[in-house]
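Here is the naming used below: chain letters follow the sequence lines, and residue numbers restart at 1 for every chain.
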2 protein chains.
Amino acid sequence: MSTPTRPGKVGIREVAVAAGVSQGSVSHYLNHPDRVSADKARRIQDAIDQLGFVRNNAGRQLRLGQSSTIAYLVPDVSNPFFASLAEGVEVAAARAGLAVFIANSNRDRAREDSYLELFQEHGVRGMLVASPNPIEDRLAAIRARGIPSVLVGQRASTPEQPSVSIDDVSGGYLAARHLIEAGCRRLAFVGGPLRIRQVADRLQGASAAIREEPGVTLEIIDVSSRIIAEGHEVAEAIVDRDPAARPDGVFAVNDLLAIGMVQTLVARGVRVPDELALVGYDDIEYAGSSIVPLTSVRPPHEEFGEAALDLLLAVSSDTEPPESTQLVFPPELVVRASTRR
Amino acid sequence: MSTPTRPGKVGIREVAVAAGVSQGSVSHYLNHPDRVSADKARRIQDAIDQLGFVRNNAGRQLRLGQSSTIAYLVPDVSNPFFASLAEGVEVAAARAGLAVFIANSNRDRAREDSYLELFQEHGVRGMLVASPNPIEDRLAAIRARGIPSVLVGQRASTPEQPSVSIDDVSGGYLAARHLIEAGCRRLAFVGGPLRIRQVADRLQGASAAIREEPGVTLEIIDVSSRIIAEGHEVAEAIVDRDPAARPDGVFAVNDLLAIGMVQTLVARGVRVPDELALVGYDDIEYAGSSIVPLTSVRPPHEEFGEAALDLLLAVSSDTEPPESTQLVFPPELVVRASTRR
DNA sequence: CTGAAAGCGCTAACAG
DNA sequence: CTGTTAGCGCTTTCAG
């Protein structure tokens, strides 16, 4: 027999037999439907429906040498900021006929590595990577193997690495400046670890604003993670201080921390913003609906995700690479009740 | 030449040449490291590092006939409820040596379908599916092709379909009962469309509670999507009514709606809970830090995700399938300020 | 312990 | 327009 049908397995071969055509025609039908006669097309489609044929991606990809999925690696799926980026990424990907697989590293170095490895093994078309860790070396190595990537949320330090980020230094400046203008004199920066680029940049911007204003002090409250629970702890510690020793304005390095803080501050009877004004960062959807609506530094969200994917597409196309491969968006300050005295 | 080295491409073949061993030995080293002599193992590893070899998943999977990734299809990545499930899913997956790819259908039927198709093409080991749509038929067809799945967040209606869900009827009952006990007499259920199983079940539970209490009425306010923005709209409409015509207790079918509602109610000067008490559903992390902290019906989160993955593993193993393949967790009511009069 | 070789399912180049 | 066929990279028998 030249084309035996194996029971149980439904491949292109079984479809061909059922439709009474050759394997090649089925493949043609699948990939260039217009190059097959209407009659055979119908018979093939019928056979496909009948048999419930699903084309095997492994075979296809092995043959083609590339897939049509792109990967989006996120440090924390439960941070709404990354979720809202994902929306934009998917919109742009759909437009380009690509599917997006999201993977969650949970900020864990080892898991980041293993997903990065996995993506390569899977031959993804490209990757979008958001990470609190220094990861450019790894991305450079991956790029050398032909897989392009865009660093998301952090400006790349080498010109070869495309990135999409916001200007965190000016975001930090905006936040601190605003607190000063609201009358705060003893500021605190809540965030860490400082080795994280975004954290350091935001602090740097805040420091610059403080330096412009003699008499205003900046205390740094270092935290190891940037989640709601950590905000609770920091706020507890602040409330436990002698009232005179408390900061009167806090710039939290992200909204999760800020939300946690407001929650505890309010619960412990500290008046926000009167006794303590608070600015967050990212302007996640929940910032505006916090116990005390949160003033926050707002990066673009969906546009940001779209920009990242478009950039990835641009750098991976054969055409001339785009003018600039390091997009930096300006942040905006969204003022809400947490700083409105 | 029997093993030519193609420049640029680094495959198992190139590694073999560089290490001076055969292709088969490299593969052995990769898959059964203990079956290779220490000397060759070292040489092979050196060659791998040197060349930056990454094994090609397409070839591997084609040969093996299966992959070691599982898929998690989510209707909305930006809903923190699904994000918190993801954490649990990944924990359990990591334990089993599996990687999780998350895909976002954005509640869109067509996108759901195309991801489901894609997962099959990719030969995932199994899928976890959360969907507001009726999707069991599709999953049954996929199961027939050998890919197991677990329906998440919705009890399956056929015994063959494994599922992990909470008892939404009793969740709805809990919510409405609580509002009644808080003194509410004109309740409103905010949610929709009613063809969504979870929505219908929650309403059914609420109705049961109302029937127990003569004199209490239940108004149904139908919405088409269950997001924060929709909550804003519903609240606007309620505030625009004559005060006497407003409900005094609202059960929102999820926290997103409830959060949007509180935000608008407070902004428009309606006192929550005094004029209007509010209960949400899902107990997402932000419910507790809402402008008025939200009473909510709480399903398990991480445990839920873990349970789903464990169930998937259990049904896909060759061993006897577990006693019960339809896990239903009981919900709890978490009482916060939004109903505390 | 090691190597040679077959073949997983598919696509595209080529011949008819 | 249709069929035949050669691999894509890998794993795994099976011999040695």
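- Contacts between residues 25-36 of chain B and DNA chain D, counted as heavy-atom distances below 4.0 Å, involve B/S27, B/H28, B/N31, B/H32.
- Rounded to 10 degrees, the angle between the two end axes of the helix from C/dC1-D/dG16 to C/dG16-D/dC1 is 40°, with five pairs used at each end.
- Looking at residues two or more places apart in sequence or on another chain, you find no ring-ring contact (aromatic ring centres under 6.0 Å, His included) involving A/F82.
- Scanning for side-chain hydrogen bond (donor to acceptor under 3.5 Å, both in side chains) contacts around B/D49 gives B/Q45, with sequence neighbours left out.
- Under the rule for a side chain to side chain contact (heavy atoms under 4.5 Å, CB included), the partners of B/A71 that lie at least two apart in sequence or sit in another chain are B/F119, B/V124, B/M127.
- Ion pair B/R95/B/D310 flagged as a salt bridge, since at least one NZ, NE, NH1 or NH2 atom sits closer than 4.0 Å to an Asp/Glu carboxylate oxygen.
- A/R155 pairs by the side-chain hydrogen bond (donor to acceptor under 3.5 Å, both in side chains) definition with nothing, not counting sequence neighbours.
- The side-chain hydrogen bond (donor to acceptor under 3.5 Å, both in side chains) search around A/S114 returns none, not counting sequence neighbours.
- A/Q23 places its CD atom 13 Å from the C1' atom of D/dG7, with the value rounded to the nearest Å.
- For the pair A/Q66 CD and C/dA12 P, the computed distance is 10 Å after rounding to whole Å.
- Residues from residues 38-61 of chain B lying near DNA chain C, meaning a heavy-atom separation below 4.0 Å, are B/K40 in numerical order.
- If you measure from atom CD1 of A/I12 to atom P of D/dT5, you get 16 Å, rounded to the nearest angstrom.
- Distance from the side chain of A/K9 is smallest to C/dG9 among C/dG9, D/dC10, C/dC10.
- B/F53 pairs by the ring-ring contact (aromatic ring centres under 6.0 Å, His included) definition with nothing, not counting sequence neighbours.
- Take B/E90 and apply the side chain to side chain contact (heavy atoms under 4.5 Å, CB included) test, not counting sequence neighbours, and it matches A/N104, A/R111, A/Y115, B/V100.
- In this structure, A/D108 contributes its side chain and A/A110 its backbone to a donor-acceptor pair below 3.5 Å.
- Straight-line distance from the CG atom of B/L64 to the P atom of C/dG7: 17 Å, rounded to whole Å.
- Per the geometry, CZ belonging to A/R63 stands 12 Å off C1' belonging to D/dG9, to the nearest Å.
- For the side chain to side chain contact (heavy atoms under 4.5 Å, CB included) test, residues two or more places apart in sequence or in another chain that qualify with A/V36 are A/H28, A/Y29, A/A41.
- Contacts of A/G65 with the nucleic acid, taken as non-hydrogen atoms under 4.0 Å apart, are absent.
- Nearest nucleotide to the side chain of A/L62, out of C/dG7, C/dG9, D/dG3: C/dG9.
- Note: CD (B/E121) to C1' (C/dC10) measures 12 Å, nearest angstrom.
- With sequence neighbours excluded, the residues forming a side chain to side chain contact (heavy atoms under 4.5 Å, CB included) with A/Q161 are A/E136, A/L139, A/R143, A/S149, A/L151, A/A156, A/T158, listed by chain and number.
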